[in-house]
Amino acid sequence: MNQNCNIPDHETDVEFLCTNEQCKDFRVFCFKCLQNEKHNTHIKDVQKIKDFGRQQINKSDEDLIFDLEKMIDHIYQLFFTLKEELKFGCQISEEELNGLNLIQLNDLLCSKIRFRKEKQSLISTISKSAENMIETIYTGLNEFSQQQFDRPGKKVKQEVKSLKYDLIDSIQDEQINSFAFNQDGSMMVGGYESSKIQVFEFSKGQLKMIQQLNCHKKSIYCQYFMKQSKEFLSGSCDKTISICYLNGDSKWDIKQRLEGHQGGINCLLMNKNEDLLISSSDDMLIKFWAKDKDQWECAQTIGGHSSFVSCISLNESENQLVSCSKDSQILIHQYDQEQKMWIVYQTLRIKQWGRRLCFINDEILAFQPEKREQLHIYQLDNIDKQFVKTKEILVGVGSERKKNRGCFWFFPQQYVQSKQVVLNKNGCCVNLIKKDQNDEFTTIQSIDFQTKVIFGRMTDDGEYLITWDDRSGSIQIRQYVD
């Protein structure tokens, strides 16, 4: 290292460093410092700088790894024993059953019912403990992967403020593919696989169904609740978009049906003024709808993808739209003020396609590749004004009991500005990723649903997370805990 020692009269390059935890002296020094008996009391912790990057695992690390491996083996053995007990522990042969008298049969039934209740309680407890352990491991891995030296002009990374979403309610219901909330989070609409739409009152984490609508012939894929008017939109597998409004009788009714796409509607979003509606579809197209005399009409259709368009997102200034597809492309579309139309501004070729992405602001976007344990962060280069991948953030992918099922895209990635949190669905996991003031990202919670069939949404203020999954068969409501 060609840098002089910080003691002026030494006038020689630094050569050594000290890793002793109790050391109070400057840790990087030259040979003259060593001759002057600096760090002499802990000389075993002194090493040459050139050897620092080639450190081997020390004895304490080896002991820790050994202890962890022993613990994991023990857990596996216990799990195998528990699995066998759950599978065969309460079985009885036909011969044994026929040999029981009425009292014995009654006692057996009572025992089985009691066992069933105890089993459910045990599985719930184990599941919660496993979820906490997974979160701890992911937090540790993130800390290891994001360690870095201080650099000139760069502040030391501050500890991420801990937050969590705790389960507060669970309601059995049939499959819901999409959720949308009004601006203050007092109302929620759910779009069902069966094609119905239900409107709920939402207060303090409690749902109350107030109306059911049948606006579509097939499954609902996506929804959007308007912020400036009492209207919401729904996109369906039947290739149409329905716009519903609150009529004079305080009942929700259909106002307009938009047709034009030749495939199912995968994503709906609007600008802040709510005079521009953007939709993406299985037909590989993105459509822009403009409002004219309280009616919506298609103003522009753009292509560019060669497979279904699974997700779209507007940047903060609303002059760029990003889209992704199974064709292994991310397209950045930009609004041309002179031509008054949207054009493809940049094409990002990617190795692994993905179903979810979102803009964080004008300069950062987050993309989740399919079946990968990393969320990719792209940032705008200030010189050539192109987006480039700058980092990968470790995220949970989860574990699935039923294998070989594809991931569903009806769970859009969401950035909640007030909490500076990215809501990310990846495989069987729902991940919560915190952004700090230095634009560093850390996964702070990973919820493993043990199934890929998960749909969900956060309220706009980030106070509540609502999901439905096919393993629990229920709407689960989680609340933000600081």
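In this text the structure is predicted, and so the values were computed from the model without any measurement.
Using a 3.5 Å distance cut-off with no hydrogens or angles, the side chains of Gln386 and Asp381 do not pair a donor with an acceptor. Judged by distance alone, the side chains of Asn315 and Ser317 never bring a donor and an acceptor atom under 3.5 Å apart. In this structure, a donor-acceptor pair under 3.5 Å is present between the side chains of Ser186 and Asp184. Side chain to side chain, Lys287 and Thr301 meet the donor-acceptor criterion of an N or O pair below 3.5 Å. Between Ser279 and Trp289, the side chains place a donor N or O and an acceptor N or O closer than 3.5 Å (distance only, hydrogens not considered). The closest side-chain donor-acceptor pair between Asp282 and Asn266 falls under 3.5 angstrom. Side-chain atoms of Ser474 and Ser170 include a donor-acceptor pair closer than 3.5 Å. Side-chain contact check for Gln212 and Gln198: at least one donor-acceptor pair (N or O, by modelled atom type) lies under 3.5 Å. Between the side chains of Glu193 and Asn177, at least one donor N or O sits under 3.5 Å from an acceptor N or O. Asp448 and Ser399 share a side-chain donor-acceptor pair at under 3.5 Å. No hydrogens or angles considered: nothing links the side chains of Asp461 and Ser418 as a donor-acceptor pair under 3.5 Å. There is a side-chain donor-acceptor pair under 3.5 Å between Gln329 and Asp327. Counting only N and O atoms by type, the side chains of Gln223 and Ser234 include no donor and acceptor under 3.5 Å apart. Between the side chains of Asp166 and Gln479, not a single donor N or O lies within less than 3.5 Å of an accepting N or O. Residues Gln334 and Gln320 bring a donor and an acceptor atom of their side chains to less than 3.5 Å of each other.
A cation-pi arrangement is present between Lys419 and Tyr480 under the rule of less than 6.0 angstrom and at most 45 degrees off the ring axis.
Between Phe455 and Phe410, the ring-plane angle classifies as parallel under the 30° and 60° cut-offs. Trp342 and Phe288 have parallel rings, their planes meeting at less than 30° on a 0 to 90° scale where 60° marks the start of perpendicular.
Gln368 places none of its side-chain heavy atoms less than 4.5 Å from the side chain of His376. Side chains of Phe441 and Leu375 form no contact here, defined as non-hydrogen atoms less than 4.5 Å apart. With a 4.5 Å cut-off on side-chain heavy atoms, Leu213 and Ile254 do not count as touching. Proximity of Ile278 to Met270: side-chain heavy atoms (C-beta onward) are nowhere separated by under 4.5 Å. Side-chain contact between Asn247 and Trp252 is absent, with no heavy-atom pair separated by less than 4.5 Å. Within the 4.5 Å cutoff, the side chain of Phe359 has no heavy atoms near those of the Glu316 side chain.
With Ile330 as the partner, the side-chain contact (heavy atoms from CB on, under 4.5 Å) test is satisfied by one option alone out of Trp353, Phe367, Phe387: Phe367.
The salt bridge (Lys or Arg N to Asp or Glu O under 4.0 Å) test applied to Lys196 returns Glu174, not counting sequence neighbours.
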The test is side-chain contact (heavy atoms from CB on, under 4.5 Å); show your working for Val430 and Asn424 and say whether it passes. CA-CA 6 Å; Val430 172; Asn424 160 276; over 6 Å; no
Evaluation steps, salt bridge (charged side-chain N to carboxylate O under 4.0 Å, His left out), between Asp470 and Lys452: CA-CA 9 Å; Asp470 71 342; Lys452 290 177 184 171; over 6 Å; no
Show your working on ring-ring contact (aromatic ring centres under 6.0 Å, His included) between Phe225 and Phe232 and close with a plain yes or no. CA-CA 4 Å; Phe225 216 125; Phe232 66 81; 5.7 Å; yes
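Side-chain atoms of Gln413 do not come within 3.5 Å of backbone N or O of Ser313 as any donor-acceptor pair. The main-chain N or O of Val395 is never found under 3.5 Å from a side-chain atom of Asn431 such that the two would form a donor-acceptor pair.
The ring pair (Phe, Tyr, Trp, His ring centres under 6.0 Å) analysis of residues 170-199, with sequence neighbours excluded, yields the pairs Phe181-Phe202.
Look at Glu440 and Lys391 and you find a salt bridge, because one of the NZ, NE, NH1 or NH2 atoms lies within 4.0 Å of a carboxylate O, short of that distance. Under the 4.0 Å criterion applied to side-chain N and carboxylate O atoms, Lys435 and Asp439 are assigned as salt-bridge partners. A salt bridge does not link Lys239 with Glu259: every distance from a Lys NZ or Arg NE/NH1/NH2 to an Asp or Glu carboxylate oxygen is 4.0 Å or more. Here Asp460 pairs with Lys227 in a salt bridge; the nearest charged N to carboxylate O distance falls below 4.0 Å.
Taking both residues in full, the closest heavy atoms of Gln445 and Tyr165 are given as OE1-N, 2.8 Å, listed atom of the first, atom of the second, then distance.
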